[in-house]
Every structure is written in structure tokens, then in C-alpha cells.
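Encoded as C-alpha cells, the structure appears first; notes follow it.
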Amino acid sequence: MNYKRKVLIVIIIIKVLTFIWFLSQGGINIIEGFWGRCITEIWYGYLQGMENFVTNFSYDPDLRMPGYGMVYLIPRLLTNVPTACNIVIIIQLLTAIVSTYLLAEIALKIFKTKTSFILTAIIFSLNFCISSYEVKLYSDSLSISFSIIAFYFFMKYFEKAKYYHILISAILICWAIFIRPVMGVMWGVMGIYLLISAIKNKSGKTFVAIVLFAAPFIICDSLWVIRNYIKHKEISPFDSMKLYKADFNNTRTDLLYPYIFRFVSSWGGNPVMWDPESETRWFGIEKRVIDGSEAYFKLGEYQKDLPEYIYTSKFNNDSLLILRSKIQMIWSNTLSQEEELEYCDFVNTRLLKYTQSIREEKPFIYYVYSPLRIAKTFLFTHGTQNLIDKKFVEMNFFEKSVKIMASCINIFTVLFGLMGIIMIIIKRNSEKILYIPVAFSLLYIFYICFIFKFPEIRYLLPLYAYLMIPAIYTILLIDKLFRKSIVRPKS
């Protein structure tokens with residue numbers, strides 16, 4: 001048995017055992033008979049629309065693109081809801097196994113060493129944060145797996161020059177985008193790489209490949225845009241704009257949070273309100289419970305002061321304390337609906353004014369320091385906050401070991417990945433295809449931290465996949481330097 005088959009067996013063992021362990025951990029699940037995890041917001045956003053399509057031919061609610069729903073639709077047409085959901089997480093496990101193996105193949109094709117193949121396979125298999133989403137009805141696992149497989153077939157095209165390789169890649173990356181739109185970054189990077197190759201080689205065949213690569217997403221997304229415009233009179237190339245207006249049974253939070261989000265992110269705070277360290281908690285939006293899911297947090301839970309550098313001529317700490325008192329009144333259940341709306345309007349108007357004042361009076365903070373501070377929050381974290389639903393002191397020895405190992409792997413991937421990117425850019429003599437994961441990682445970080453400004457832990461997961469390649473590059477470079485240092489000159 002060659003080493004590749006042995007590594008594949010190891011991948012299967014790790015992934016299956018991890019899958020079973022995460023299933024055994026319990027957690028929130030609103031679907032009776034489903035083995036995995038599902039919360040109300042995710043079901044409503046991703047799968048309720050497809051369930052309604054099955055029962056009454058109407059894709060509504062249509063907050064999300066239907067890519068993840070399509071995976072659910074196929075088994076749902078043949079069986080009931082919980083069985084279909086079980087099939088979905090089994091599909092997630094199988095595609096995760098395939099994509100882990102193919103990521104190792106990608107490393108082997110780039111670095112041409114057995115070590116790169118084995119290290120990539122083992123380390124990525126042990127990324128428990130990604131594995132934890134294989135038992136959940138979330139879009140993360142499948143979108144990552146599909147994008148990795150798409151990248152593999154993209155590389156195969158440059159090896160074999162077969163059109164069907166580029167077409168498979170195009171279909172899978174299109175599907176990945178429809179599952180999780182942020183994967184559009186990868187589609188753009190691969191498309192630019194194809195275009196540059198066509199221009200440099202002046203090859204008509206490569207131009208045909210560009211058309212084949214671009215066509216699936218352009219056609220599918222055009223149909224999605226037309227459908228949304230006909231139904232909602234809005235141009236929504238990705239997730240519906242209704243997603244940012246949707247009321248998940250909590251009008252007060254939905255009215256307030258977008259403005260708190262913009263204000264906090266404008267000076268570099270963490271706007272992810274379900275993160276215990278988020279500065280949005282300073283404003284005291286109350287924890288609520290839906291089907292056993294604690295989605296928000298308690299009044300006064302956040303004890304830190306906001307930084308002094310954020311204040312402008314339009315507001316100070318006293319101004320924000322007034323807003324916080326208004327928010328607490330909104331949540332006191334003592335106001336009429338009309339009064340609640342009036343208070344919300346007061347708070348939102350002031351927050352918008354304060355956000356604009358930061359942009360106008362402190363442009364360096366707004367445009368430079370803020371995204372850099374968000375990037376620090378996003379990248380330099382252990383990333384295991386959502387891994388196990390217990391405080392660390394409440395975990396048993398095995399759970400603590402899993403969390404510590406997961407933290408180490410996440411930190412290693414980011415630090416060694418970023419070091420690898422720097423070295424690849426400096427050396428500029430690397431395998432050209434290596435620039436795809438490099439470009440994806442940099443553009444992805446830029447989008448999350450500078451444009452979206454939303455450093456949620458889940459958004460790290462695709463980055464872990466693509467930083468793995470430059471991280472392996474760093475290991476190989478260190479190994480090469482170490483071997484040179486111990487070679488003694490001949491006497």
C-alpha cells in the first residue's frame with residue numbers, strides 16, 4: 001500500500017471519529033429525529049425556503065441564495081425532514097474527507113514533496129473548528145469543501161488542458177458561492193489567474209477556458225438577480241437585502257443592531273454581538289431565548305469602558321450613556337409599541353450622526369485604524385469560542401485537550417500562513433499557482449476587515465483552508481534552512 005492510501009485511511013479515521021464525537025456532544029437542535037445541530041435562525045435563513053418549495057412550490061423565505069438548500073432539496077424530495085437533514089450532514093462529512101485529501105494533493109502538486117502531502121492532510125484533518133460544522137446545518141463545511149475541490153480541478157486543467165476539468169471547477173465554485181457568497185472572492189481570483197495566463201500565453205484555448213469558467217456563475221447569478229427583481233423589485237446578486245431587514249421575532253434588536261454595528265465598527269470595535277468580548281455589549285441589548293437558543297446577552301454584562309479616542313465634537317461618554325439608558329428603556333417592557341419605535345428612532349439617529357462624525361473628523365481612525373484593529377481581532381484569536389458549549393473550567397480532560405489542540409492548530413495556521421505569504425511575495429520564484437491561495441487569503445482578509453468589518457469566528461474557517469498552503473511552505477522553508485545549518489563543510 002503506497003503512502004497516499006495510508007494517508008487517506010488516516011484522514012477517514014480522523015474525520016469519522018471527530019464527526020461521531022461532535023454528534024455525541026449534544027447541543028441545540030430544533031428538528032426532532034435529526035442527529036446533528038440546528039438553530040432557528042439558520043433553519044429559517046437557509047432551509048425553510050426550500051422546505052416551503054417542496055411543500056407548496058414557493059421559495060420563501062428567500063433571505064439566502066439557494067445553494068445550501070439545493071443540497072437539502074435532493075434528499076428531501078425522497079424522504080422526510082429529519083432524514084433529509086441527516087443525509088445532508090453525511091454529505092458534509094464525505095465532501096470534507098474528499099476535500100481534505102485533495103487539499104493535500106494540491107500541496108503535493110505545488111511543493112512536490114511527500115512531506116507536504118502528509119503534513120497538509122494530517123493538520124487539516126485535525127482542524128476541529130472546521131470539523132465541528134460538519135454535524136451542523138450551517139453553510140460553512142460544504143462551501144469550503146466545494147471550493148477546495150474546485151481549486152483542485154482548476155489545477156488539473158493547467159496540467160491536462162482538458163475543458164471538462166475547468167467546467168467541473170466552475171460548477172463547484174459557483175455552487176460554493178450560492179452556498180456562501182463570500183466564496184466569490186475565490187471565483188474572482190481564479191478568473192483573474194486564467195485571464196493572465198491567456199494574455200501571457202496568447203492561447204485561444206485558454207480564452208475558451210475563461211468562458212467555460214465564467215459561464216456557470218454568470219448564468220446562475222443572472223437568473224437569481226432577475227428572479228429577485230421580479231419578486232422584490234430589488235437588485236440582489238447574492239443574499240437578499242431582506243436579510244438585513246428581517247425580523248426574527250425580535251423587532252427591538254433588529255431595529256437597533258444595524259446602527260450599533262456601524263458605530264462600533266467605525267472606530268475598530270468588534271461588532272459581532274454574540275461574541276462575549278464585543279463592544280456592542282456595552283449598549284446592553286438583552287439576552288433572549290428562542291427554542292432554547294440564547295442568541296443575545298444580558299443588560300450590563302459588558303463591564304469595560306469604551307476607548308477615549310473615539311469621541312468627536314458631536315458626542316462624548318455622557319452622550320453614549322444617554323443612548324444606553326434609552327436602549328435599556330426599550331428593553332424594559334414598560335413602553336408601548338409607539339414609544340419603543342420613537343426611542344429606537346432617537347437612538348438610531350444619534351448613532352448615525354456619531355458614526356458620520358468619526359468619518360469626517362477622524363478619517364484616519366475610520367479608514368485605516370478601524371479596519372486594522374478589526375483585522376487584529378479577526379486573525380489573532382484561538383478561534384475556538386464556539387467549539388465546545390462549556391466554559392473551559394467545566395470541561396473534562398479530553399474536552400480541554402481537544403480545545404487546546406484546536407487552538408494550537410488555528411494559531412499555527414494563521415501565523416505560519418501569514419509568514420508564508422510574506423516569504424512567497426518576497427522570493428517571487430515560487431510555483432505560479434501558489435499565488436491563488438495567497439491572493440485569496442489577502443483579498444479575503446481585506447474584504448472581511450476593511451469592507452464588511454465583521455470579524456465573526458465562522459469567517460475564519462475558509463481562511464484556515466487556504467492559509468494551510470502557505471503555512472506548509474513556511475514549514476518546508478524552515479526545514480530547508482535547518483538542514484543547511486547542520487551541514488558541515490568538508491575538511
Side-chain angles (χ1 to χ4, degrees), residues 8 11-103 125 127-150 152 168 171-180 183 220 291-293 458 461-462 465:
L8 177 59
I11 292 171
I12 293 170
I13 291 171
I14 292 173
K15 297 299 282 185
V16 170
L17 290 178
T18 304
F19 184 82
I20 293 170
W21 186 76
F22 277 115
L23 284 179
S24 72
Q25 287 297 290
I28 299 163
N29 176 31
I30 64 168
I31 304 169
E32 186 176 352
F34 172 49
W35 306 331
R37 311 287 168 262
C38 183
I39 64 174
T40 301
E41 285 85 346
I42 296 299
W43 172 264
Y44 185 82
Y46 285 99
L47 298 177
Q48 183 64 61
M50 199 58 72
E51 176 62 24
N52 290 339
F53 179 80
V54 171
T55 55
N56 58 33
F57 301 102
S58 173
Y59 184 65
D60 185 60
D62 55 355
L63 305 176
R64 303 282 187 177
M65 299 178 82
Y68 194 61
M70 288 298 295
V71 180
Y72 168 80
L73 174 64
I74 299 168
R76 179 64 183 91
L77 291 172
L78 304 174
T79 186
N80 57 30
V81 171
T83 304
C85 292
N86 290 330
I87 292 172
V88 169
I89 62 171
I90 291 172
I91 291 172
Q92 290 179 171
L93 171 63
L94 295 175
T95 55
I97 291 170
V98 171
S99 64
T100 300
Y101 180 82
L102 293 184
L103 187 65
S125 295
N127 191 307
F128 298 134
C129 289
I130 293 177
S131 297
S132 68
Y133 282 90
E134 287 153 22
V135 303
K136 300 175 182 177
L137 290 180
Y138 279 70
S139 59
D140 305 83
S141 176
L142 273 179
S143 61
I144 294 168
S145 295
F146 281 9
S147 72
I148 291 171
I149 300 170
Y152 172 80
I168 292 172
I171 291 170
L172 286 171
I173 198 64
C174 172
W175 202 340
I177 295 168
F178 269 71
I179 293 172
R180 198 148 177 79
M183 285 302 177
C220 292
D291 297 318
S293 172
R458 284 175 60 201
L461 302 182

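By convention here, the first residue in the shown sequence is residue 1.
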message: Go through it in stages, so that I can follow the logic: the residues are Val98 and Ser145, the test is side chain to side chain contact (heavy atoms under 4.5 Å, CB included), and I'd like the CA-CA distance, side-chain angles, deciding distance and then a yes or no.
response: CA-CA 8 Å; Val98 171; Ser145 295; over 6 Å; no
- prompt: side chain to side chain contact (heavy atoms under 4.5 Å, CB included) between Leu137 and Tyr46: does it pass, once the steps are laid out?
  reply: CA-CA 9 Å; Leu137 290 180; Tyr46 285 99; over 6 Å; no
task: Start with the C-alpha distance between Arg180 and Met65, add both sets of side-chain angles, then the distance that settles side chain to side chain contact (heavy atoms under 4.5 Å, CB included), and finish with yes or no.
output: CA-CA 8 Å; Arg180 198 148 177 79; Met65 299 178 82; over 6 Å; no
message: Between Asn52 and Thr55, does the side chain to side chain contact (heavy atoms under 4.5 Å, CB included) criterion hold? Intermediate values first, please.
response: CA-CA 5 Å; Asn52 290 339; Thr55 55; 4.3 Å; yes
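Note that CD1 of Ile42 is 9.0 Å distant from CG of Leu47, once rounded to the nearest 0.5 Å. Of the inter-residue distances, the one linking Ser58 atom OG with Phe53 atom CZ reads 9.0 Å to the nearest 0.5 angstrom. Of the inter-residue distances, the one linking Leu103 atom CG with Ile149 atom CD1 reads 11.0 Å to the nearest 0.5 angstrom. Put simply, CD on Glu134 and CD1 on Ile90 are 12.5 Å apart, with the number rounded to the nearest 0.5 Å. Put simply, OH on Tyr152 and CG on Leu172 are 13.0 Å apart, with the number rounded to the nearest 0.5 Å. Atoms OG1 and CG, on Thr79 and Asn86 in that order, are 9.0 Å from each other to the nearest 0.5 Å.
Taking the six-membered ring for Trp and the full ring otherwise, Phe22 and Trp35 have centroids separated by 6.0 Å or more.
The shortest side-chain heavy-atom distance between Met50 and Tyr59 falls under the 4.5 Å cut-off. Residues Phe128 and Thr18 meet the side-chain proximity criterion, which asks for heavy atoms closer than 4.5 Å. Taking 4.5 Å as the limit, some side-chain heavy atom of Trp43 sits within range of a side-chain heavy atom of Cys85. Side-chain contact between Leu461 and Ile144 is present, with heavy atoms from C-beta onward closer than 4.5 Å. Put simply, the side chain of Asp140 does not reach to within 4.5 Å of the side chain of Pro462, judged on heavy atoms. Within the 4.5 Å cutoff, side-chain heavy atoms of Lys15 are placed close to those of Ser131.
For Ile14 against Ser125, the heavy-atom pair with the smallest separation is CG2-O, 3.6 Å. The shortest heavy-atom contact between Ile39 and Ile28 is CG2-CG2, 3.5 Å. Residues Pro61 and Gln48 approach most closely at CD-CG, 3.8 Å, considering heavy atoms. Closest approach of Ser99 to Ala96, counting heavy atoms only: OG-O, 3.1 Å. When all heavy atoms of Ala176 and Ser147 are compared, the pair lying nearest together is CB-N, 4.2 Å.
Residue pairs that meet the salt bridge (charged side-chain N to carboxylate O under 4.0 Å, His left out) test with at least one member in residues 42-55, sequence neighbours left out, are Glu51-Arg76.
Shown here are the ring-ring contact (aromatic ring centres under 6.0 Å, His included) partners of Tyr133, two or more places apart in sequence or in another chain: Tyr138.
For Trp175 (side chain) and Gly67 (main-chain N/O), a donor-acceptor pair under 3.5 Å exists by modelled atom type. Within the 3.5 Å criterion, the main-chain N or O of Leu23 finds a donor-acceptor partner in the side chain of Arg37. For Thr95 (side chain) and Ile91 (main-chain N/O), a donor-acceptor pair under 3.5 Å exists by modelled atom type.
No option in Val88, Ile89, Thr83, Val81 other than Ile89 meets the side-chain contact (heavy atoms from CB on, under 4.5 Å) test with Phe34.
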